[in-house]
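Below: the structure, in structure tokens.
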There are 2 protein chains.
Amino acid sequence: MVDLESFVGQKLRERGLRPTRQRMALGALLWANGDRHVSAEQLHNEAKEANCAVSMATVYNTLNQFVEAGLLKMVIVDAGRTYFDTNILPHHHFVFEKTGELEDIPAEKIVIPHIPSPLSKEADISSVSVMIRVN
Amino acid sequence: MVDLESFVGQKLRERGLRPTRQRMALGALLWANGDRHVSAEQLHNEAKEANCAVSMATVYNTLNQFVEAGLLKMVIVDAGRTYFDTNILPHHHFVFEKTGELEDIPAEKIVIPHIPSPLSKEADISSVSVMIRVN
DNA sequence: GTGTTTGCAAAGTGTTTGCAATTTA
DNA sequence: TAAATTGCAAACACTTTGCAAACAC
């Protein structure tokens, strides 16, 4: 990878998002290393620790913009347990019930030979997601 | 089925829940006919329409008790979109994105020949749930 | 400069809880 | 009568929004 700064900046510009200080900081935290599952609060804390104070409102707004722009996926594990996933490829998840943590399952690891169609309506499948809860 | 009243009463007593007026009313609405996906608010409204006023707090508490007792399953579709499912057998769901409605997929309709194990921990799989979003 | 973005505080949504009053067994 | 349940209102966690100030281009 080139330097993180320009990598993030380019990602943002590609999607028509201005590379503001806040978006750059959050982007850098999200995309510094491999795939991540982060909650809004976690990211807010990380930003604070990195001396990049960003308000909670901005964290939420930014994460939603990133999701909208296709830069992140939202994963809802439970009521009040929402993660933002930097892995935007189709994939599945293990959920560790003890901790609430997630682990990605690459799409090709789960084969579903036949996907059924709904009875009631035309089938225009937009996604298939599998959650495997373990404890 | 015998009469609904005693059917519900028995269900409750079996799980150690007293058949109070409120629980009987909510149970009757839930189990009158085939399987249902109901939100707390929906059920609250239905109870009101059936002239069985039950407070919102009691609807929530009761639904949670029913889930705890294994009489219902909770299905979270989106942040702030939680359903209570009277189908307690293992199964999967279609989610209609337009309406947020659910349709059950019987477990045997979705075959996953090989379930992977998580990398990081011992695999003690408690459930596998598939959500197919359609629009 | 002009339009976009931010941060705050306030509002919103869906859900849970403390507690006095009521109901059930 | 003793223990469980209910309903209210308040509290809650998480998220969104309105708007003035700050920023990016």
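Letters go in sequence order (proteins before strands), and every chain restarts at 1. What you see below is based on every heavy atom in this structure, not just the backbone, and it leaves out hydrogens, waters and symmetry mates. Keep in mind the model is a prediction, meaning the values are calculated, not measured.
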Is atom [atom1] of [X] surrounded by more than 12 heavy atoms (other residues, nucleotides or ligands) closer than 6.0 Å?
X: B:Glu5; atom1: CD; value: no
X: B:Glu41; atom1: CD; value: no
X: B:Glu68; atom1: CD; value: no

Compare every heavy atom of [Y] with every heavy atom of [X], then report the nearest pair and how far apart it is.
X: A:Ile125; Y: A:Ile115; result: CD1-CG2, 3.6 Å
X: A:His93; Y: A:Val75; result: CE1-CG2, 3.7 Å
X: B:Pro118; Y: A:Phe96; result: CB-CZ, 3.7 Å

d([atom1], [X]; [atom2], [N]) in whole Å:
X: A:Gln42; N: D:dT15; atom1: CD; atom2: P; result: 12 Å
X: B:Glu41; N: C:dT15; atom1: CD; atom2: P; result: 9 Å
X: A:Arg23; N: C:dT4; atom1: CZ; atom2: C1'; result: 8 Å
X: A:Leu63; N: D:dT17; atom1: CG; atom2: C1'; result: 17 Å
X: B:Phe66; N: D:dT5; atom1: CZ; atom2: C1'; result: 12 Å
X: B:Phe84; N: C:dG14; atom1: CZ; atom2: P; result: 13 Å
X: A:Met24; N: D:dA24; atom1: CE; atom2: P; result: 11 Å
X: A:Leu17; N: D:dC23; atom1: CG; atom2: C1'; result: 16 Å

Item to check | side chain to side chain contact (heavy atoms under 4.5 Å, CB included) between B:Lys73 and B:Asn87, worked out | outcome: CA-CA 7 Å; B:Lys73 268 192 185 184; B:Asn87 181 356; over 6 Å; no
Next on the checklist: Ignoring hydrogens and geometry beyond distance, is a side-chain donor-acceptor pair present between B:Arg15 and B:Gln65 at under 3.5 Å?
Outcome noted: no
Checklist entry - Reading DNA chain D 5' to 3', what string of ( ), [ ], | and . shows its pairs, if Watson-Crick and G-U wobble pairs count only when both distances fall under 3.5 Å? => result |||||||||||||||||||||||||
Checklist entry - Do B:Arg133 side-chain atoms and B:Val95 backbone N/O form a donor-acceptor pair below 3.5 Å? => result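 Pair absent, no side-chain N/O of B:Arg133 close to backbone of B:Val95.
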Might you list the N or O atoms of the protein lying below 3.5 Å from N or O atoms in nucleotides 16-21 of chain C, with each pair's distance?
{"residue": "C:dT16", "atom": "OP2", "partner": "B:Asn64", "partner atom": "ND2", "Å": "2.9"}

Checklist entry - Quick one: is B:Thr58 getting a side-chain N or O under 4.0 Å of the D:dT6 phosphate, OP1 or OP2? => result no
Next on the checklist: Which label fits A:His91 and A:His37: parallel for a plane angle under 30°, tilted from 30 to 60°, or perpendicular past 60°?
Outcome noted: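 Tilted, since the angle between the ring planes falls between 30° and 60°.
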Next on the checklist: side-chain hydrogen bond (donor to acceptor under 3.5 Å, both in side chains), that's the test. Do B:Thr58 and B:Asn61 meet it? Break it down for me.
Outcome noted: CA-CA 5 Å; B:Thr58 298; B:Asn61 291 335; 5.4 Å; no
Please tabulate, one pair per line, each protein N/O and nucleotide N/O from nucleotides 22-25 of chain C that are separated by under 3.5 Å, including the distance.
{"residue": "C:dT24", "atom": "O2", "partner": "B:Arg18", "partner atom": "NH1", "Å": "3.1"}

